Amino acid sequence: MNQTPVLIVGAGPSGLALALELACYKVPFKIIDKAHGPGETSRAMLVVPKVLESYQKFGLDKTVSAWGIIPEHAHFHSNNKRVASLPMGIMGKGQSAYPYLVTLPQDEHERILIDKLYEFGIKVEWETELVTLKQLNEKSEATMSHQNEMETEAFNYVIGCDGASSQVRKQSEVDFEGETYEQIFYVMDAEVDGEIAEEVAGSFSFIKDYFALFFPLRNKKTTRVIGMFPPDLTQKKDLSYESLKPRLEKAFNIEIRKMNWFSDYKIHARTASHFKIGNHFLVGDAAHIHSPIGGQGMNLGIGDATNLGWKLAQVINHDASEKLLDTYEKERKEIAEFVVSTTDRMFSLIVGNKSGNLLTRQLLIPIFGRLADSVRPFQKRLYTLLAQLYISYEESPLSQGAASRLKAGQRLPYVDSEPFEFIREYGWQLHAFKPLLDEELQREFKHHKITAVHRKWTDQARDKGFEEKQWLLVRPDGYIGWIGSEDQPDELLTYVKEWLMK
């Protein structure tokens, strides 16, 4: 049997993002998918700034932004009357180099990732399905089927990026705890005429028995519409586009001129009991699924891939301790549980049939929209949540050191007045506001591939929580690993030797 360090099962956005992370660190791997080829439907469509930050090192931040659409506003409608508008284009100013959200169909998103992977000389092995998986001490044997031929290979690590029905999760005997909601939803991409679809904006529309989300797609010629089937159609089990179309046109004062894609589905809220089982890992929908409210699912999966990718690469390349891999579940499972529970509460409030849910749709959501329309701190907080910039790992064993304002485990704050460009998420970096003169530290940094970043002390840096004598050792995914001062070189070296051993 041949042996490759890593098997990635599943070539959706999470699997492709993980593949790019490994390729960046020159880690050999195999990526398989049982599908015949890349996806051909739009599916997940929102790309958030946290993902764009992780794409910067590949140059894909610009590609995704150029291929996608950047909505200028998110409008709130109640009974077909606009009650508030959220200024999407300015909400994130000063928080990220990408102060916006991008809508990009998943098939186009995947194509961008596949093309970049091809530049590394790597191709997805399509029509290849994982059949069995056996964990044998430090290795795993994976039996795969390709065109009715079976092949068994040994791998050091197997990563399940294979969706909600993950074979890796099932073969690893991991529970997928949660529930399935009774409501049935529809999603369609269509050419829509009507006031609600005219602008380059997202629209949330609420009517007594209906709610729907409208977003521009594919060069503004197509509108994504997501909503819940009316109760009477659900009762009759009539889930056809033909029955739904006249209802939507009448309810939202629109004309659906052409339907390009339509699907019905149920929503699940589930989290795997473990994200790491020996040398098997779960990423994306294989580890967590939840309501699409807020567009967090695909982005959360790419975040999983980014978190795991650099850790796996450093261990395989003998640049870090094996215990680094244990921090993956600690860091990402807690975030997933938060997102699942939060979207679950929001979903229940919006779609329920009780009188309280009707009150939420008719009164509280418009109030929420008006707050978002006019209150800057509210806008800032909402952007932070949507953009996934709130994510931090302060309780992780990887987060060490202390400071008065910033904390280890937090995302490195963005300072837009910086007079230079550095890649936010690429390799370990030591950020300091004074030149690094210690020769022993310089040798250690070179040995451990840590880049010293000399930053300029500015008023904005101070306002963001930095201190002039501060040292920040930043992880390859843009989070602060160790924080201290220039007077603590021994503590810094202790951290480096603990985690970045060779």
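Note that this is a predicted model, so its numbers are computed, not measured.
Residues Lys50 and Asp477 approach most closely at NZ-O, 3.8 Å, considering heavy atoms. Residues Lys266 and Gln183 approach most closely at CG-O, 3.7 Å, considering heavy atoms. When all heavy atoms of Pro397 and Thr327 are compared, the closest pair comes out as CG-CG2, 4.0 Å. For Pro230 against Leu244, the heavy-atom pair with the smallest separation is CD-CD1, 3.8 Å. Ala23 and Ile122 make their closest contact through CB-CD1, 3.8 Å (heavy atoms, listed as atom of the first residue, atom of the second, distance). Contact record, Thr234 with Leu239: CA-CD2, 4.4 Å, taken as the closest heavy-atom pair.
Side-chain rings of Tyr55 and Tyr98 stay apart, their centers remaining 6.0 Å or farther from each other. Annotation: Tyr383 is not in aromatic contact with Tyr100 [ring centroid separation under 6.0 Å not met].
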Would you sort out whether Arg475 and Trp310 count as a side chain to side chain contact (heavy atoms under 4.5 Å, CB included), showing the intermediate values? CA-CA 9 Å; Arg475 303 166 14 162; Trp310 69 268; 3.8 Å; yes
Passes side chain to side chain donor-acceptor pair (under 3.5 Å), Gln388 versus Gln296? Steps please. CA-CA 8 Å; Gln388 296 192 350; Gln296 300 295 290; 3.0 Å; yes
Before you tell me yes or no, could you show the steps for Lys311 and Leu398 under side chain to side chain contact (heavy atoms under 4.5 Å, CB included), namely the whole-Å CA-CA distance, both residues' side-chain angles and the distance that decides it to 0.1 Å? CA-CA 11 Å; Lys311 295 174 180 177; Leu398 256 181; 4.1 Å; yes
I'd like to know whether Leu16 forms a side chain to side chain contact (heavy atoms under 4.5 Å, CB included) with Val124, so could you lay out the CA-CA distance, the side-chain angles of the two residues, the decisive distance to 0.1 Å, and finally the verdict. CA-CA 9 Å; Leu16 294 170; Val124 176; 3.9 Å; yes
Does Glu195 form a side chain to side chain donor-acceptor pair (under 3.5 Å) with Asn253? I'd like the steps, not just the answer. CA-CA 8 Å; Glu195 182 180 348; Asn253 293 332; over 6 Å; no
Carefully, step by step, assess Glu331 and Ser396 under the rule side chain to side chain donor-acceptor pair (under 3.5 Å). CA-CA 6 Å; Glu331 293 182 351; Ser396 171; 2.7 Å; yes
Stepwise side chain to side chain contact (heavy atoms under 4.5 Å, CB included) check, Lys245 with Met259: CA-CA 10 Å; Lys245 178 178 181 289; Met259 187 272 288; over 6 Å; no
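Listed for the Ser399 side chain is a donor-acceptor partner under 3.5 Å among the backbone atoms of Tyr393. Lys464 places a side-chain N or O within donor-acceptor distance of the main-chain N or O of Tyr414, the cut-off being under 3.5 Å. No side-chain donor-acceptor contact under 3.5 Å links Glu125 to the backbone of Ile32. A side-chain donor-acceptor contact under 3.5 Å links Arg405 to the backbone of Asp463. Put simply, the side chain of Asp304 gets close to the backbone of Gly284: a donor and an acceptor are under 3.5 Å apart. Remark: the backbone N or O of Lys380 is paired with a side-chain donor or acceptor of Thr384 at under 3.5 angstrom. A donor-acceptor pair is defined here as one N or O able to donate and one able to accept, closer than 3.5 Å; no such pair exists between the side chain of Asp193 and the backbone of Glu255. No donor-acceptor distance shorter than 3.5 angstrom exists from the side chain of Asn279 to the backbone of Val158, with no hydrogens or angles considered. Within the 3.5 Å criterion, the main-chain N or O of Leu300 finds a donor-acceptor partner in the side chain of Arg332. Listed for the Ser166 side chain is a donor-acceptor partner under 3.5 Å among the backbone atoms of Val168.
Ionic pairing of Glu394 and Lys407 is not present here: no N-O contact between side-chain nitrogen and carboxylate oxygen is shorter than 4.0 angstrom. Taking 4.0 Å as the cut-off between side-chain N and carboxylate O, Lys57 and Glu21 count as a salt-bridged pair. A salt bridge links Lys116 and Glu119; the closest N-O separation between the charged side-chain nitrogens and carboxylate oxygens is under 4.0 Å. A salt bridge links Arg247 to Asp232: one of the charged nitrogens lies within less than 4.0 Å of a carboxylate oxygen.
One distance of note links CG of Leu7 with CZ of Phe29; it measures 10.5 Å at 0.5 Å rounding. Atoms CZ and CD, on Arg257 and Glu191 in that order, are 7.0 Å from each other to the nearest 0.5 Å. Here the CD1 atom belonging to Ile391 is positioned 5.0 Å from the CD1 atom belonging to Ile335, to the nearest 0.5 angstrom. In this structure, Leu385 CG and Thr342 OG1 are separated by 8.0 Å, a value rounded to the nearest 0.5 Å. Expressed to the nearest 0.5 Å, how far OG of Ser54 lies from CG of Asn307 amounts to 11.0 Å. Atom CG of Leu22 and atom CD1 of Ile159 lie 7.5 Å apart (nearest 0.5 Å).
Inspection of the Arg224 and Ser42 side chains reveals an N or O donor paired with an N or O acceptor under 3.5 Å. Counting only N and O atoms by type, the side chains of His146 and Thr128 include a donor and acceptor under 3.5 Å apart. Residues His268 and Thr180 bring a donor and an acceptor atom of their side chains to less than 3.5 Å of each other.
At least one side-chain heavy atom of Phe204 sits under 4.5 Å from a side-chain heavy atom of Phe215. In this structure, Trp126 and Pro38 have side chains that are in contact, with non-hydrogen atoms separated by less than 4.5 Å. When side chains are defined from C-beta on, Glu110 counts as touching Pro13, because their heavy atoms get closer than 4.5 Å. The closest side-chain heavy-atom distance from Thr103 to Leu46 is below 4.5 Å. Under the 4.5 Å side-chain criterion, counting only non-hydrogen atoms from C-beta, Tyr186 is in contact with Val225. Contact check for Thr306 versus Ile302: side-chain heavy atoms found under the 4.5 Å cut-off. Between Arg411 and Arg424, the closest side-chain pair of non-hydrogen atoms falls below 4.5 Å. When side chains are defined from C-beta on, His280 does not count as touching Gln171, because their heavy atoms never get closer than 4.5 Å.
The aromatic rings of His75 and His73 lie parallel to each other, with less than 30° between the two planes, well short of the 60° mark. Using cut-offs of 30° and 60° for the angle between ring planes, the Tyr328 and Phe275 rings count as tilted. Ring geometry, Phe211 versus Phe206: the interplanar angle falls under 30°, so the pair is classed parallel (tilted spans 30 to 60°).
Among Val51, Asp115, Leu113, Val47, the one residue that satisfies the side chain to side chain contact (heavy atoms under 4.5 Å, CB included) test with Leu60 is Leu113.
In Glu173, the CD atom is not crowded: 12 or fewer heavy atoms of neighbouring residues, nucleotides or ligands sit closer than 6.0 Å. Around atom OH of Tyr25, more than 12 heavy atoms belonging to other residues, nucleotides or ligands sit under 6.0 Å away. The 12-atom threshold is exceeded at CD of Glu337, counting heavy atoms of other residues, nucleotides or ligands nearer than 6.0 Å. For Tyr265, the OH atom counts as densely surrounded, since its 6.0 Å shell holds more than 12 non-hydrogen atoms of other residues, nucleotides or ligands.
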